[in-house]
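Chain identifiers are assigned alphabetically (A, B, ...) following the order of the sequence lines, protein sequences preceding nucleic acid strands; residue numbering begins at 1 within each chain.
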Amino acid sequence: MAGKTLYDKLWDNHLVEQRDDGTSLIYIDRQLLHEVTSPQAFEGLRLANRKPWRLDANLATPDHNVPTTLKERKEGNAGIEDPVSKIQVVTLDENCDDFGITEFKINDIRQGIVHVVGPEQGATLPGMTLVCGDSHTATHGAFGALAHGIGTSEVEHVLATQCLIQRKMKNMLVKVNGTLAAGVTGKDIVLAVIGKIGTAGGTGYAIEFGGEAIQQLSMEGRMTICNMAIEAGARVGLVAVDQTTIDYVKGRPFAPTEAQWEQAVAAWSDLHSDADAQFDAVVELEASDIEPQVTWGNSPEMVVPVSAVVPNPADQSDENQQKAYTRALEYMGLNAGQAITDIKLDRVFIGSCTNSRIEDLREAAAIAKGKKVAANVKQALVVPGSGLVKQQAEKEGLDKIFIEAGFEWREPGCSMCLAMNADKLGAGEHCASTSNRNFEGRQGFGGRTHLVSPGMAAAAAVAGHFVDVRDVLQAN
Amino acid sequence: MEKFTQLDGLVAPMDRANVDTDMIIPKQFLKSIKRSGFGPNLFDELRYLDEGKPDQDCSQRPKNPDFVLNQPRYEGASVLLARQNFGCGSSREHAPWALLDYGFRCVIAPSFADIFYNNCFKNGILPIVLDEATVDSLFKEVAGEEGYRLTVDLEAKEIRTPGGRSIAFDVDDFRRHCLINGLDDIGLTLEKADAIKAFEAKHQAAQPWLFRG
Ligand code: SF4
């Protein structure tokens, strides 16, 4: 019999029961909750007079629509100006208090974007099943955990039963061979992968990312990659556990200690695909071929290397693709053949669950240090992923570097990633963003998003247009 | 989910085809954080003369005297008699939530939109499909008799009229089982509570660090 993939192992380890209709009951070790997708789930529990199955499996924090300016944040919940946002955040507090669920509230130093907070607290552990009512939950797969996003009715289902009804996915391996060039990051890898397989390429699969380039990445880099698995159509992204994983987890507040730590580390050593495991699909990339990436359209697959030009719809063989390209160029206000480095920026956003961890901020700060944001850039935001990331960055003096360069230094939250709070793009504005979605209107009505790495975003802020971050690094 | 075995309810007629989910609950009410409390805004645009806004006290609003639910004789109705393609439109569950919150437990129509039909079962509402002629006859009977009630017997799969007529209806066995026992998806999974507990105990023994007590 062929060996098992990492996904197979995680699945088998959590299989409670196979049901007659082909679905399975899967046990869930951890649920992360936030203010947008949880209220009706709690309401449902109350209406049906049910209690959460296991309180300690849940952890909550508000993130999607908390304000990120100090002025509003100082006031706590009372400072949230938008009434709908406010009621959602207040409701999360009430629900967690009522049911007894641990929550990092708005001004708790541990508050932040759920996908930053989970790993940072050690609430995300190797070998776990983890869910959250948010599609970027695959982030946690970087720890060799089976993690994916769910809908509100499933949030309620997990609260009430600690289980989820699932169908098994297929296995895909994305193998990145060799070593990345300096200035090229996990973000560029995942954008290049999406460019190669398309936004539906991973549909129905759990994608495991492997190969030397992945092994050489930090946990932050791996999280960035798994975060965007959903943008390739896959609900699950995974990376095998190795020493990097274990070193990251060690000593975190929710991580095991002492004898249990030893026991856990021993168990985690099995969290990789067997050498003879069979994948349903394999995609290979050479790390040395990957340049810094920039998206030019309204789908993450509309991506090219920074040295390239905006593609011509006429060069596409597929007619639907041609139409999509034409429509995207129109929306983005770009011309076919235009150099990527000629795209001028109005705003820059460094943040989101994709790229708001300490390493991301260091990478951006290294570029911004001693420079100034270009005059044509109206706003350059840096939004740390959590209160603890912010604190660490301030300890390292990164906040000063950003502020001196003309960036705004904000309080933690999702912010301009989805424009649910006041941070938004104006119509027609181009934004270099470290987030994960460049859909029409995602960052504000009529806004034009270009997805890039933190270093690329910082370099673009300084130049006022896209530049190759490798050139900047060389000049420094 | 509340069990549904037998219902003896006052019938309200909604004599209009293609009632969509926006008509059942207009979209300005979808931003709520709750799934209860939609009842006062059920059929909002038909029911009131002014434009409805979220968080309003609906008792103060001018009612449309011509709308059927505003007629005193239909107050307290729990069976809604409707026309074809009832519930077309969005997939959100707000429409059944609003019907349920108002007090309807059963909707009878010649046909329903698919998703809405499924969502009804998930929320403890029984949608019954009867042929056009039968539905028509019920509309006539309701109009002719104030206080007209129907007995909906899910166990026997039949409806009984005040005149003593019984009308058989069809419903999927599995769904019937779920409604009679008050089982939604969660209820169904909880039927496996013992298996889940057994798994959990084993899981905790093997990986105690996943449990923090
Ligand atoms: S940062 Fe953006 S993508 Fe991530 S959880 Fe928040 S809104 Fe979703």
Side-chain angles (χ1 to χ4, degrees), chain A residues 13-17 19 21 25-27 29-30 35-36 38-48 50 53-57 83-84 87-88 90-92 95 102 122-123 125 127-129 152-154 156-165 254-257 259-261 263-264 267-268, chain B residues 1-3 28-39 53-55 91-94 96-98 100-101 115 118-119 121-124 172 174 178 181-213:
Chain A
N13 281 339
H14 292 87
L15 181 64
V16 177
E17 199 172 84
R19 310 199 314 174
D21 59 356
L25 210 54
I26 293 294
Y27 188 84
D29 294 314
R30 170 83 61 220
E35 77 278 24
V36 179
S38 67
Q40 271 106 351
F42 283 112
E43 167 91 351
L45 282 189
R46 272 196 200 95
L47 287 176
R50 289 185 174 122
W53 180 279
R54 232 187 88 198
L55 287 175
D56 71 308
V84 177
I87 199 167
Q88 288 188 333
V90 169
T91 304
L92 180 67
N95 283 327
T102 305
L125 292 174
M128 264 186 169
T129 42
T152 297
S153 58
E154 290 173 308
E156 184 184 344
H157 194 277
V158 173
L159 277 169
T161 71
Q162 213 52 50
C163 290
L164 202 59
I165 300 163
F254 285 61
T257 52
Q260 277 193 9
W261 171 256
Q263 200 189 342
W268 296 341
Chain B
M1 200 171 79
E2 212 178 313
K3 291 183 184 173
Q28 66 266 38
F29 303 108
L30 305 187
K31 267 195 180 171
S32 156
I33 48 157
K34 299 201 177 288
R35 69 174 84 188
S36 56
F38 293 104
K53 296 189 193 75
D55 298 323
S91 66
R92 300 197 190 213
E93 286 183 52
H94 296 73
W97 292 344
L100 191 67
D101 195 62
I115 299 174
N118 286 326
N119 283 342
F121 286 104
K122 276 195 197 166
N123 290 283
D172 176 89
F174 177 68
C178 293
N181 294 294
L183 301 173
D184 47 12
D185 274 355
I186 294 177
L188 279 173
T189 300
L190 286 175
E191 283 192 326
K192 309 281 183 193
D194 289 344
I196 300 171
K197 284 195 187 121
F199 176 89
E200 195 166 54
K202 211 176 62 192
H203 198 51
Q204 182 165 12
Q207 301 180 64
W209 57 88
L210 296 176
F211 295 75
R212 289 166 51 90

Proximity breakdown for B/K192 and chain A, heavy-atom pairs closer than 4.5 Å: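 Side chain of B/K192 only, per the 4.5 Å heavy-atom cut-off to chain A.
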Heavy-atom contact with chain A under 4.5 Å, split by part of B/A198: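 Nothing of B/A198, per the 4.5 Å heavy-atom cut-off to chain A.
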Given that the side chain runs from C-beta out, which part of [X] has a heavy atom under 4.5 Å from chain B: side chain, backbone, both or neither?
X	value
A/Q260	both
A/L55	neither
A/A41	backbone
A/A267	side chain
A/F42	neither
A/V84	side chain

Heavy-atom pair of closest approach, residues [X] and [Y]:
X	Y	value
B/L190	A/A160	CD2-O, 3.8 Å
B/W209	A/A264	CH2-CA, 3.4 Å
B/A195	A/E17	CB-OE2, 3.8 Å

Can you measure from [atom1] ([X]) to [atom2] ([Y]) and round to the nearest 0.5 angstrom?
X	Y	atom1	atom2	answer
A/Q162	B/F199	CD	CZ	11.0 Å
B/E2	A/L47	CD	CG	10.5 Å
A/H157	B/L188	NE2	CG	8.0 Å
A/L45	B/I186	CG	CD1	6.5 Å
B/I196	A/R54	CD1	CZ	12.5 Å
A/E156	B/D184	CD	CG	7.0 Å

With sequence neighbours excluded, residues passing salt bridge (Lys or Arg N to Asp or Glu O under 4.0 Å) with A/R30: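 Expected list: none.
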A/E43/B/I33 under side-chain contact (heavy atoms from CB on, under 4.5 Å): CA gap, chis, key distance, verdict: CA-CA 8 Å; A/E43 167 91 351; B/I33 48 157; over 6 Å; no
Interface residue of largest heavy-atom contact number with chain B, from A/I87, A/V36, A/T91, A/V16, under 4.5 Å: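 Most heavy-atom pairs under 4.5 Å with chain B: A/V16.
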Report yes if some heavy atom in the side chain of [X] is under 4.5 Å from a heavy atom in the side chain of [Y]; otherwise report no.
X	Y	result
A/D29	B/Q207	no
B/K197	A/W53	yes
B/S36	A/R46	no

B/W97 versus A/Q40, side-chain donor and acceptor atoms under 3.5 Å: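 Looking only at side-chain atoms, B/W97 and A/Q40 do not form any donor-acceptor pair under 3.5 Å.
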Within 6.0 Å of CG in B/D55, more than 12 heavy atoms from elsewhere: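 Open: at most 12 neighbouring heavy atoms sit under 6.0 Å from CG of B/D55.
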